[in-house]
Amino acid sequence: MLNRSWGVTLIKLLTYLATILLVILVFCLAGFIVIQGIGFLNKELFKESVPLIITTLMVVGLALLIALPLGIFSAIYLQIYTNNGRFVKAMRFSIDSLNGIPSIIFGLFALSFFIYYIGLNRSILTASLIMSIVVLPLIIKNTEEAIKTIKVDQIQGSLALGASKFTTINRVIIPYCIDGIINGVILAIGKIVGETAAIMFVIGTASVIPHSFMDQGSTLATKLYLIIQEPTYSSNGIGSAYGIALILLLIVVLLNLLVKLVNYLFKKRG
Amino acid sequence: MKKQVFFETLYKLSIIFASLLLLLIIIFIFLEGFPALREYGFIKMIFNGEWQPTAKNPSFGLLYMILSTVVSTILSLLISIPIGILSSVCLVRMVNAKIKNIIMFIVEILAGIPSVIVGFFVLKTVVSFLYDHFYYMVGVSGNSMLAAIFVLALMSLPTIITVCVNSLEAVDPMYTEASLGLGANKIQTIYKVELRAARSGIFAAIVLGAGRVIGETMAVMLVSGNAINLPKNLLEPTRTLTSNIATEMSYASGLHQNALYASGIILFIMIMIINIVLLVLLNKGGVDNA
Amino acid sequence: MNNIFEIINLNLWYGSKQALKNISINIDDNCVVALIGPSGCGKSTFLRCLNRMNDLIANCRIEGSILFNNENVNSDSYNEIELRKKVGMVFQRPNPFPMSIYENVIYGPKCQGLTNKKELDSIVENSLKKAALWDDVKDRLHSSALGLSGGQQQRLCIARAIAMEPDVLLMDEPTSALDPIATTKIEELINELKKDYTIIIVTHSMQQAARISDYTAFFLMGELIEYDKTDVIFANPKNSKTEDYITGRFG
Amino acid sequence: MKKILSLVLILLVCTSCKESSNQLEVSGSTSIAPVMEKLIASYEKDNNVKINLTADGSSAGITAATDGVSDIGMSSRSLTKDELKDDLNVNIIGIDAIVVVVNKNNGVDNLTIDDLHDIYSGKKTNWKDFGGINRPIVLVSRENGSGTRDAFEENIKVKTDQGISLVDSNNPVIVNSTGAVIENVAQKEGAIGYMSLGSVDDEIKAIKLNGVEPSEQSIIDKKYPITRDFYLVSKKDNKKVDEFISFILSKKGQQIMENEGFIKVK
């Protein structure tokens, strides 16, 4: 089809059409949240969501703190130190499949393994632990894809110059695939901030400012889910759920910008 | 030299610890789900549609829900993959950088939206539209398979686009120049060469997108109506395996809870099948340059 | 021997930096023209003007006219797709598509709408024969092109270009990434191809220019210093700068 | 990099020691959680004890209390025979009325228990059978196992002796949150749903049952037909738990229950 001129124009048309459709969907969804939530963005809601924001940032921070080194190092090992044998393919395959497990199952795993079995308390720490496991497959996959996109000959170039695999990693691989990893981090942040099912059993519903990771608390997403669950949770019912959703989007925006800023500074200095 | 040994053992430890963690979850699901499979029987569970977990002699038939998951996953991916890939191509190759950054900025945010809110968006728009136009039909409430497909497509689009755009941008410009040098026009260059070169990234996007669709609970439960029936037409309510786990797990106990974990095993197998299909397509498509 | 290319007062800027200054040159058909000069002198940029590959570069401004078979290529009305069908290009690094050998060669013709299997098979056969690659690959046409050696890949790129039956073949340092044996094979191939195509080749090695080209153009700092028969350029160049470069005093 | 990893390890180690001091864990029914949050807030003011609350459903609450993971389990449904263990004591802390709600444009404002039985079992499927507009009825129901659903279906007798609910075979819109019930009933003119009295808001219309208006007075006089009790399940002889429960049953505690739209027990 691509070899006929009508085929080319058709594909071009479809490409533009898909983008227009995407833009409409994306702006409708974003617009819906802003319109529904803007009315409830008053000082009182901001004050009420300060503990939620803090809890959310704690979960994001600790989850990434665990998942990032674990995920990146695992991806490096899978891509560089293995010969892509059958075992490695099977492992990568099962990691991919874990991406599809519904987060409710991670939630139940957290409840019965961390709480019932190990005896941890319901706390922000437990929530962060389970979230680090939830985003682990995402980070491993994104980092591996990033390493794959580095030109093969750049890696061979460095190895050819007698650099060991290890120095190749630091000099060539990590600097070059930072952008891929950053995208993985952004997807992971999105997943952690928006997650409810995986953590609602283990994080409690307290809405006070937590003092330590051992305290309970609710993130923006779990509070929002609770309000939808029982609108009497907040004074103006479901409306404040939209308000919190807006604040949540704000946090996602700030976190994404922060990550990109860190990446930019790292590149300028590196 | 010592630093290198330390880091290389660290890499090894990381992959071992990571796979242990992930294995733990798989074992957990199989451990919890196995009693139901043994007692109620795997075959009976898969080929019987009757799900009455709390009845006197309970039946744990998952057939209708398996079909619902299969239908909703395939149809939603049939929407989100083409739109995702086509719009990623447009964003990377056909639109100036400023527009692309604005759209990507919002798409990245939408990847972070809690699915409950996307569920409410579709509930307030698609579901009420369907109800207003089909209310006269008995048993139609707007909450339907169609709405579930719409919400799943909406949920998976940001993931697919973010990964696709990332892999398209990483395509080596030498392919573009080679293709244009042979007299191919822009569209041919993109679709015949660049997509082929970025193939492994695009397949990663599809796998992540499929994972997001199969694993979605909160949004689907809001719009699908959650009634268990054979997916005959798009306007009837439906319940996917994942929604079933989410709705009933909080009150399930004993064999009922094991049956829910068993459906988790079935989900895991379905995800593996999708991955296998995608891997075969990836390799069958001839050459893999990475 | 009529002129296939007539370039009059060609200037090119990358943003504010001028890369080509007022170049005028006439190139005859069915001969090999070598472009030599120190790196950064604009010879590759000049080569890429001939098939408007510089259009891909964002802030690149071109002035002057490039007449190809007496039509000005530089004007917007001229369709660059038609130009590139007639002016094939081979790049410095072998860049076969991540497809099979067969698919690589038929890529160009297929894009122009040719679908008849028999015709495509014959194109593949004579392009690969012309590129002296047919014997190496005739029994594994459908295996991956990335499995070939560097020299074979470059010859595949040449075969791919020939498949379009162009009038001119542009080569941007085709052998700089290859080992000596593969380089001599490519050079023998160029001597063969000279009969049917005009070949314009950018090269760093003056020996290569002397060996295979009929005419040689010497570029320096974006200017065309001297353009003449190869043996004149290498025996007694008119311009002192050419002589300094030829004898290796700088560059 | 090494520093960070060691930090994580320390964190993991120090958390395994279970904190017993003056902390209480309360978990369970989502219907009780909102009012429980207010009870905890006022109790914590004058007692130095920290009470953690988790809303993960009635059965999860009961299991957590039985296994000792939570000190108090909240349940908005009566416990089943095998849930009732002898080392558990069960207190009723309040009564909640379950109200039937319809779309605001729906003319019907009174139904009897038998009407509800016919509607939810699928015998009658159009509002014109009840004097409303000619429009099919859309059933909105809570998920299996929700305390609210159990109490409602118990009262309108739509469960077969096999324990199977007739509602499931009439393509109901099953949701697992009050917010979703409100949204579905508010946007669909033919919809009918039910929720706890305290949750009704102005987007939907509560209707009379057997001619009785759902109000605190009608519930106290036992005239309103569908009510359910709020249970707290806890292990016996735990001083801190008993003190908290006695606070809830005190005048101050019951007043908080009433402010939230529930009916006092004492």
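Computed over heavy atoms, backbone and side chain alike; hydrogens, waters and symmetry mates excluded. Chain A is the first sequence line, chain B the second, and so forth, proteins listed ahead of strands; every chain is numbered from 1.
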Chain C contact via B:Ser179 - side chain, backbone, both or neither, heavy atoms under 4.5 Å: both
[X], [atom1] atom: more than 12 neighbouring heavy atoms under 6.0 Å:
X	atom1	value
C:Glu63	CD	yes
C:Lys129	NZ	yes
C:Glu187	CD	yes

Taking all non-hydrogen atoms of both residues, which atom of [X] and which atom of [Y] are closest, and how far apart?
X	Y	answer
B:Ala184	C:Ile81	O-CD1, 3.8 Å
B:Gln188	C:Tyr107	O-OH, 3.7 Å
C:Pro96	B:Tyr175	O-CE2, 3.3 Å

Top of C:Glu80, C:Arg84, C:Arg52 for chain B proximity - count of heavy-atom pairs under 4.5 angstrom: C:Arg84
Min side-chain heavy-atom separation C:Arg93-B:Asp172 under 4.5 Å: yes
Side chains of C:Phe91 and B:Glu177 in contact at under 4.5 Å (non-hydrogen atoms): yes
Within this structure, what is the [atom1]-[atom2] distance for the pair [X] and [Y], rounded to the nearest 0.5 Å?
X	Y	atom1	atom2	result
B:Leu182	C:Lys110	CG	NZ	14.0 Å
B:Thr189	C:Phe97	OG1	CZ	7.5 Å
B:Lys186	C:Leu56	NZ	CG	9.0 Å

C:Gln112 (side chain) donor-acceptor with B:Gly183 (main chain) under 3.5 angstrom: yes
Contacting moiety of C:Val87, where chain B heavy atoms sit under 4.5 Å: backbone
side-chain contact (heavy atoms from CB on, under 4.5 Å) between B:Val193 and C:Met99, worked out: CA-CA 9 Å; B:Val193 171; C:Met99 311 172 191; 4.1 Å; yes
